[in-house]
**Q** 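Quick one: this structure, given as structure tokens, is what I'll be asking you about.
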2 protein chains.
Amino acid sequence: MPGPYRWRKRVEGHFCRWTMPREAILDLLTRTSQHLTAKEIYASLLQLYPGIGLTTVYRTLDLLEKSGLIKKFNFGRGENRYEFASENKPHHHHLICTKCGQIIDYSDFANEELELVKKTAKHLAEKYKFIVHDHNIEFYGLCQQCQKRQ
Amino acid sequence: MPGPYRWRKRVEGHFCRWTMPREAILDLLTRTSQHLTAKEIYASLLQLYPGIGLTTVYRTLDLLEKSGLIKKFNFGRGENRYEFASENKPHHHHLICTKCGQIIDYSDFANEELELVKKTAKHLAEKYKFIVHDHNIEFYGLCQQCQKRQ
DNA sequence: TTATTAATGAAAATGGTTTTCATTATCATA
DNA sequence: TATGATAATGAAAACCATTTTCATTAATAA
């Protein structure tokens, strides 16, 4: 684990207390490009932080999500997956292979997409009086490898 | 339950045998505009078909989904929800209230959206050698009622 | 009508996630 | 820099949607 409490300042106001497990979980998510499950995070941290509990991982992920620092996704495979959400990180969506579960981030046509999304959100706000906070776009199909071994 | 086996013809080729539970489940999904869970379907059918088992509901939903007659959604609330998928039914997506879970179907800007989706799918096929079979767009936010009682 | 075997339903198992509760550790205050 | 209030933790149990098992039932081809 890196120097303790590197994230404390970035996180101020969101939490009563900043602790080692919280630091470790957030730090791991900022360092990976993968979309990890709670169990994967737990397994990964267990090496550096033998005392950590899976319960704490779930609780911390919940808190981090509620404070907007990470995003939670369910790609229809039974478990939730998490990724770090930064203002700096480019807006992106996901390609999901329905065979092997591989997830690819893409951000192509982000401008056109954002334009349509904004327009739609505005329209929906008027038509349904629905306030849009977030949106999600995903494509399902087969990745290159799974096409071959089909 | 309506006349038995009304759906048999529409379903030919997808199943070895067409049975009462299958008829009842598919029929229910074609008659509702809601996005039902397995348990909701089970509870609803129990009145008309007292012998039915929840296991059969799950198994049938699985088969119906695999044969493309229904679609499965996970709106991040722990259970899957199902809706009838017909060629006649207009292409639509969902607004999900993050507070009460209400789901609204919308199909505004369907043409523009489909255009962008097609273009993106084609681009992704080239760039990532990924074959797109399906896509999903959803907006998360607050419905009118939940804005008031916020 | 019968035989084959797919489909069913009850009960048990599974697996991701949440809750409970006694213990530990953070941090504001002295 | 102690200290005390209480937030956070971890282990175990509970929860809950879904899947599996297996003996029984029922659909369909012959």
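Protein chains get the first letters and strands the later ones, always in sequence-line order, with residue 1 at the start of each.
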**Q** With a 4.5 Å cut-off on side-chain heavy atoms, are A:Thr56 and A:Thr19 touching?
**A**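 Heavy-atom side-chain distance check fails, nothing below 4.5 Å.
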**Q** Would you indicate what B:Arg8 reaches in the nucleic acid, counting non-hydrogen atoms under 4.0 angstrom: base, sugar-phosphate, or nothing?
**A**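 Contact class for B:Arg8: sugar-phosphate only.
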**Q** Mapping B:Thr37 and A:Tyr42 onto DNA chain D by nearest heavy atom, which one lands closer to the 5' end?
**A**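 The answer here is A:Tyr42.
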**Q** In whole Å, I'd like the distance from the CG atom of A:Leu54 to the P atom of D:dA14.
**A**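 To the nearest whole Å, that distance equals 18 Å.
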**Q** Can you find a side chain N or O atom of B:Asn80 that sits less than 4.0 Å from OP1 or OP2 on D:dA17?
**A**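 It does not, given that no N or O in the side chain of B:Asn80 lies less than 4.0 Å from OP1 or OP2 of D:dA17.
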**Q** Side-chain donor or acceptor of B:Thr19 under 3.5 Å from a matching atom on the base of C:dA6?
**A**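 A donor-acceptor contact between them is absent.
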**Q** For the pair made of CD in A:Glu79 and C1' in C:dG16, what is the distance, rounded to whole Å?
**A**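 For the pair A:Glu79 CD and C:dG16 C1', the rounded distance is 8 Å.
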**Q** Given C:dT17, D:dG10, C:dT8, identify the nucleotide with an atom nearest to the side chain of B:Pro21.
**A**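 Among C:dT17, D:dG10, C:dT8, the one nearest the side chain of B:Pro21 is C:dT8.
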**Q** I need the CG-C1' distance between A:Asp62 and D:dT9, as an integer number of Å.
**A**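 For the pair A:Asp62 CG and D:dT9 C1', the rounded distance is 15 Å.
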**Q** Just checking, any donor-acceptor pair under 3.5 angstrom between side chains of A:Glu138 and A:His94?
**A**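 There is no such pair between these side chains.
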**Q** How many whole angstroms separate atom NZ of B:Lys72 from atom P of D:dA17?
**A**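 For the pair B:Lys72 NZ and D:dA17 P, the rounded distance is 15 Å.
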**Q** Under 3.5 Å, is there any donor-acceptor pair linking the side chain of B:Thr56 to the base of C:dA7?
**A**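 Not at all, since no donor on one side and acceptor on the other fall under 3.5 Å apart.
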**Q** Using the side-chain hydrogen bond (donor to acceptor under 3.5 Å, both in side chains) definition, which of the options A:Lys72, A:His92, A:Lys71, A:Gln34 pairs with A:Glu83?
**A**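 Exactly one candidate clears the test, A:His92.
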**Q** Parallel, tilted or perpendicular: which fits the ring planes of A:Phe73 and A:His35, with parallel below 30° and perpendicular above 60°?
**A**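 Rings of A:Phe73 and A:His35: perpendicular, over 60°.
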**Q** Rounding to a whole Å, what distance do you find between A:Asn74:CG and D:dA17:P?
**A**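 Whole-Å distance recorded here is 14 Å.
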**Q** Assuming nearest nucleotide by heavy-atom distance, tell me which of B:Trp18 and B:Tyr82 is located more 5' along DNA chain D.
**A**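 The 5'-side residue here is B:Tyr82.
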**Q** To the side chain of B:Lys39, which of C:dT20, D:dA17, C:dA7 is closest?
**A**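 Output: D:dA17.
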**Q** Choose from C:dA7, D:dT18, D:dG10 the nucleotide whose nearest atom is closest to any side-chain atom of B:Cys16.
**A**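 The answer is C:dA7.
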**Q** Measure the distance from OH on A:Tyr58 to P on C:dT19 and round it to the nearest whole Å.
**A**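 After rounding, the gap between these two atoms is 13 Å.
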**Q** Figure out the CD/P separation between A:Glu40 and C:dG15, and round it to whole Å.
**A**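 One finds 15 Å between P of C:dG15 and CD of A:Glu40, rounded.
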**Q** Using whole Å, what does the distance between atom C1' of nucleotide D:dT25 and atom OH of B:Tyr49 come to?
**A**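 After rounding, the reported distance stands at 10 Å.
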**Q** For the side chain of A:Arg59 and the base of D:dG10, is some donor closer than 3.5 Å to an acceptor across the two?
**A**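 It does, because a donor-acceptor pair links the side chain of A:Arg59 to the base of D:dG10 below 3.5 Å.
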**Q** Answer yes or no: side-chain N or O of B:Arg17 and base N or O of C:dT5 forming a donor-acceptor pair under 3.5 Å.
**A**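 Result: at least one qualifying N/O pair found.
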**Q** Could you label the plane-to-plane angle of the A:Phe109 and B:His123 rings as parallel, tilted or perpendicular, counting under 30° as parallel and over 60° as perpendicular?
**A**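 The arrangement is perpendicular - the two ring planes meet at more than 60°.
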**Q** Under 4.0 Å: is that the gap between some side-chain N or O of B:Arg22 and OP1 or OP2 of C:dT8?
**A**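 Yes, because at least one side-chain N or O of B:Arg22 sits under 4.0 Å from OP1 or OP2 of C:dT8.
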